[in-house]
Structure formats: structure tokens, C-alpha cells
A.B. asks: 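I am attaching a structure below and will ask some questions about it afterwards.
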Amino acid sequence: MYSEKVMDHFMNPRNMGELPHADGVGTVGNAKCGDIMRIYLEVDEETKVIKDCKFKTFGCGAAVATSSMATELVKGKTIYEALQVTNKAVMDALDGLPQVKVHCSLLAEEAIHAALWDYAKKHGITIEGLKEPKEDIHDREENENL
Ligand code: FES
């Protein structure tokens, strides 16, 4: 049911933990399943490259695996390029997720967006294409199912 990559990132999550001096922090949750994800970003002031990224996830195995992969994918990208790390990009990098677990990857995308939003707000900049994150991604799911 789960790909080898999903199992690997679940069993050996990359970048788990906190960044006490993070430049941007984003927390999102899904009220339906109760899972919560927090992403920390450390950004180079001049180049805007994400130097480090860590996560803390209180959630299911797929949420842990998608957080882990998402942090790997955003590291080394600029804050602008990090928008390319969509839930689809994360799922592709994990060789897919079962349909009922797609919302877990949405949590990862939203957590990255929330951290980028926090960074942009604190630094008075705009990241084109970045929308204000929702605290609860449940709404988005419901709308997408319509
Ligand atoms: Fe909710 Fe996976 S079941 S994030």
C-alpha cells in the first residue's frame, strides 16, 4: 500500500526537530484527523536560499513521510522556488500515496506556505503566488471535493 520511499521517510525521517533561530515558522492542522505539522525555515538573508529546514509533526505515518520529504525538497531552494514544492511534487518524490492519504501531503504543502508567509511578513517582502495560509486545511479539501 505504501511505497518503499514512504516507508523509508516514515522509519527514518530527515530533518526532524526544531530550529530555535528560525527565520520563518508555519503551523497548520487538519481538524478532521487532528494532525498538526510545523515547519521551521532558516533563510540566507542575501541570497534568500533556504539553508536549513526542520519539521515537527504530530500525525500519521504519511504526514511524517511527507514532512520529511518536503523539508528535503525545499532545502537549497530560494524562498521563491520553494513554492514549486507542492503536495503533488512531494507525492511524486515519494512515488505516490494512497488516495485516502493525499490530504497528509496537503498538510506538508500548507505548512511550507505558512512558514514562507511568516518569513515574508517578518521581512516585509512579497513572495509572488503565495497566498495567506489557512490554519485548518479541512476547508480546502472540502472545496476541492466539490
Ligand atoms: Fe491526517 Fe495523515 S491522517 S495528516
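All ligand and atom numbering here is 1-based and tracks the order in the structure. Please read these numbers as outputs of a predicted model, since none were measured by experiment.
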A.B. asks: Can you tell me how far CE of Met1 sits from CG of Leu97, rounded to the nearest 0.5 angstrom?
C.D. replies: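 Going from CG on Leu97 over to CE on Met1, the span is 9.5 Å.
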A.B. asks: Strictly below 4.0 Å, N to O, side chains only: are Glu18 and Lys54 in salt-bridge contact?
C.D. replies: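 The answer is no: the pair does not qualify as a salt bridge.
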A.B. asks: Please list every donor-acceptor pair under 3.5 Å in which a side-chain atom of residues 57-68 meets a protein atom from a residue at least two apart or in another chain.
C.D. replies:
residue : atom : partner : partner atom : Å
Thr57   : OG1  : Ser67   : OG           : 2.8
Thr66   : OG1  : Ala62   : O            : 2.9
Thr66   : OG1  : Ala63   : O            : 3.1
Thr66   : OG1  : Cys104  : O            : 3.4
Ser67   : OG   : Ala63   : O            : 2.5
Ser68   : OG   : His9    : ND1          : 2.7
Ser68   : OG   : Arg14   : N            : 2.9

A.B. asks: Applying salt bridge (Lys or Arg N to Asp or Glu O under 4.0 Å), can you list everything that pairs with Lys5, at least two apart in sequence or on another chain?
C.D. replies: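 Here the qualifying residues are Asp95.
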A.B. asks: Glu45: which residues meet the side-chain contact (heavy atoms from CB on, under 4.5 Å) condition with it, sequence neighbours left out?
C.D. replies: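 For Glu45 the side-chain contact (heavy atoms from CB on, under 4.5 Å) partners, ignoring immediate neighbours, are Lys48, Tyr119, His123.
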A.B. asks: Check the pair Lys122 / Asp23 against side-chain contact (heavy atoms from CB on, under 4.5 Å), numbers first and verdict last.
C.D. replies: CA-CA 8 Å; Lys122 283 179 181 154; Asp23 301 303; over 6 Å; no
A.B. asks: Using a cut-off of 2.8 Å, count how many protein N, O or S atoms are strictly closer to atom 2 (Fe) of ligand 1.
C.D. replies: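 Protein N, O or S neighbours of atom 2 (Fe) of ligand 1 under 2.8 Å, waters not counted, come to 2.
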